[in-house]
Amino acid sequence: MSESLYLLAAFISAFTGMAWLALAMPVHWHQVHEQGKTRPATSAMRGTGSVMLILAGVFCLLADHASMAVLVWFMLLTLSAVLVAWLLARRPALFRLFCFGRFSVASDT
Amino acid sequence: MQNSFRQAMAWLHTWYGLVLGYVLIVAFFFGALSVFDREIDRWAIPDTRFEPQVMPSYDGMLKDVYERLKPHPDDWAFTEMRVVGPMPDPDTLTLTSLYAYTTHRDPLLQIGGEFAIPNRLKDSADDHAHVHGWTTIDPRSGEMLPDDQLKIGSEWFYPMHYGLHLGWNNLGYWLVGLSAFTMLIALVTGIVMHRKIFKEFFTFRPWKRTQRSTLDLHNLTGVVGTPFHLFFAFTGLIIFASFIYFPAGSSLLKPLHDQGEVLESAETGLPLEPAGVPAPMASVDVMVSEAKRMWAERDMAGEVGLLTINHRNDINGYVSVYRAGSDRVALVGEGIHFKASTGDLLREDPPRSVVDEINEFLTGLHLQHFEHWLLRWLYVFGGLIGCVCIATGFIFFVEKRKRKHAEKGSQGARIVDALAVATCTGMVIAAVGMLVVNRLLPAGMEGRGDWEAASFWGFWLLAFAHAVFRSAPVARNLLNPAWREQCYAIAALGVAAVVLNWLTTGDHLIKTIFLETYWPVAGVDLSLLATSALSLFAARKLAAREYAQQPSNVSFEAGDVAHV
């Protein structure tokens, strides 16, 4: 895989990871879903989100020398977090893609 | 006295952030532009729009160029003040040491050197009886670039980032250093005063009232950008610590420093002083080839980033060849040193110690001479979210107080807001306006660079005057129309710069992207257009908000708020 593809994979992983970490919070989950019908499976989403962030770091390491990779990784995490926050505010429906099956449970409220 | 630790931290964050935020936002913005300083140079000096070049042959070209190098008038004037008696004729001076520096983004080559002078120094602690010369050359022909062509990216925006062009007693360096230190304080105090860092990590509610949504954006860009802000403020301080902020090596600890140089010279075998015995130079090109071969043996093939010759034409002379650090964070490295008169290998730099590695990493990550375009753009993003963080800090400060100040008849919020406009949009107007002037001034005009620099300050001064003149509504708890008007000005200037670039050079975007691809110019043009689009969008949003604040539309505003 070329360096560019690794970096693309790193960005997708970082963005997905941040999206899941955000959606694990009820307040953001309800930005995406109708209030009261479902709630996030917090632990599963946090766990998967964290793994995706680490995976992003692995892709960065595959693309570049470690000293460079760590900088790219930090900056991709920053970019992804800002993008997720902005899209949650402006285009929350986009995040339905990240809310499949086992990440949501019926709300007991 | 504050009631609690958190309140004390909030006070510190607010007031230190406000006072030095005006400097800090300038450092962040021009730092973000400096990531592409070489590309902005290409845009500003159309004659230099060609591909990056590798280090040219010393024997075949540079040797003759250095023969033509003269002391720089600026350093000549400075040196005249340091020495006793009149300086000799500049044409009679001998070049004793020299350097040539390039990176993977440079079509041009920066060269310079030291000329020995016979004068006695006024200050006995001053041990540099030299006058310096420097210039930029076209490495394809060896031709020197006219000195009055300002490289707007690397000679104006970049020094603005770390020195504000305030040279008197290094005042600019100190102000930027103080504001970087304040950034570290603001980050720590911000973390202490923010009650819900993780809970509100992704929180941004633009539909809430201005004060709340601004604070959301301030927190978001501050918290999420903390690694970037922290590292850049810290490494910025480190870069200048040893020779501006804590120059112990040239002051308190000078004897120790001098002794260290002697010991280092004995250890490395690289002579500290000339012997005073003339000697001819062996072929430098052969030495460069040998250095490249040795790097390749270590699986580190690359180009020469820095070439230096010390004690030129002396038996103690030596040539140092450093590898360009394009493929890693450090600037240059793997130095290989040769005896200048024979070409014999004197020394191969050993692998760096852990301390040196850390130092190289910290300075290299800030100065970013590496070849990684994604990371460059991510740095621009980091710099811009730093600007957003500081700008939203100003706006939050004003929004929180302006109603009370209006009721009390205080001008505090109005002053802060006017300064915020002058800094935030004013500096963008100054930067883009300078590019417009660059394209309007005749190509061969004498003192062209000085006029460009004057236009930068002129635009900024106008923006400041406009921000102050239009700020009266803030004292009545309304929006300052200068925000909107200056956004329109940025939008117009950005488009004008792109159009003027097309008209004066023929380099329109279709050409620079598709026909004869040249990304440095296309990138600057596209960034200018993006800035214009964003400014236009912001101006229209601000116009809608101003309209909603007009007394005849208050019912609409109230309904709108109630709806949210």
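The chains referred to below are lettered A, B, ... by the order of the sequence lines, with proteins before strands, and numbering in each begins at 1.
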Q.
For a 4.5 angstrom cut-off between non-hydrogen side-chain atoms, does A/Asp64 reach B/Phe370?
A. no
Q) Do you know which of B/Pro206, B/Pro227, B/Gly382 has the most heavy-atom pairs under 4.5 Å to chain A? A) B/Pro206
**Q.** Point-to-point distance, once rounded to the nearest 0.5 Å, from CZ of A/Phe11 to CG of B/Leu378
**A.** 9.5 Å
Q) Relative to chain B, which of A/Val27, A/Val72, A/Leu76 shows the most heavy atom pairs under 4.5 Å? A) A/Val72
Q) Between B/Val329 and A/His65, is a side-chain contact (heavy atoms from CB on, under 4.5 Å) present by the stated rule, with each step listed? A) CA-CA 9 Å; B/Val329 177; A/His65 184 266; over 6 Å; no
Q | Per-residue contact mode, B/Ile385 against chain A (heavy atom under 4.5 angstrom) | A | side chain
Q. Rounded to the nearest 0.5 Å, how far apart are CG of B/Leu375 and CZ of A/Phe74?
A. 12.5 Å
Q) Side chain, backbone, both or neither: which part of A/Leu7 has an atom under 4.5 Å from a heavy atom of chain B? A) side chain
Q) Side chain, backbone, both or neither: which part of B/Phe381 has a heavy atom under 4.5 Å from chain A? A) side chain
Q. So which part of A/Met25 gets closer than 4.5 Å to some heavy atom of chain B, the side chain, the backbone, both or neither?
A. side chain
Q) Does a sphere of radius 6.0 Å around OH in B/Tyr518 hold more than 12 heavy atoms from other residues, nucleotides or ligands, not counting ones at 6.0 Å or beyond? A) yes
Q | Reported CD-to-CZ distance for the pair A/Gln31 and B/Phe204, which is rounded to 0.5 angstrom | A | 11.0 Å
Q | Working for side-chain contact (heavy atoms from CB on, under 4.5 Å), residues A/Trp86 and B/Leu220 | A | CA-CA 10 Å; A/Trp86 184 72; B/Leu220 175 70; over 6 Å; no
Q. About how many Å separate CE of A/Met75 and CG of B/Leu374, when rounded to the nearest 0.5 Å?
A. 10.0 Å
Q.
Using every non-hydrogen atom in the two residues, find where A/Ala81 and B/Val224 come nearest and quote the distance to one decimal.
A. CB-CG1, 3.6 Å
**Q.** Partner residues of B/Asp349 under the salt bridge (charged side-chain N to carboxylate O under 4.0 Å, His left out) criterion, sequence neighbours left out
**A.** B/Arg347
Q: Please collect all salt bridge (Lys or Arg N to Asp or Glu O under 4.0 Å) contacts where either partner lies in residues 215-229 of chain B, sequence neighbours excluded, each pair once.
A: B/Arg205-B/Asp216, B/Arg212-B/Asp216
**Q.** Side chains of A/Leu21 and B/Phe202 in contact at under 4.5 Å (non-hydrogen atoms)
**A.** yes
Q | Contacting moiety of B/Thr221, where chain A heavy atoms sit under 4.5 Å | A | neither
Q: Select one option (side chain, backbone, both, neither) describing which atoms of B/Phe198 are under 4.5 Å from chain A's heavy atoms.
A: backbone
Q) Distance from B/Phe201 atom CZ to A/Met18 atom CE, nearest 0.5 Å? A) 5.0 Å
**Q.** CG on A/Leu79 to CZ on B/Phe228, rounded to 0.5 Å
**A.** 12.5 Å
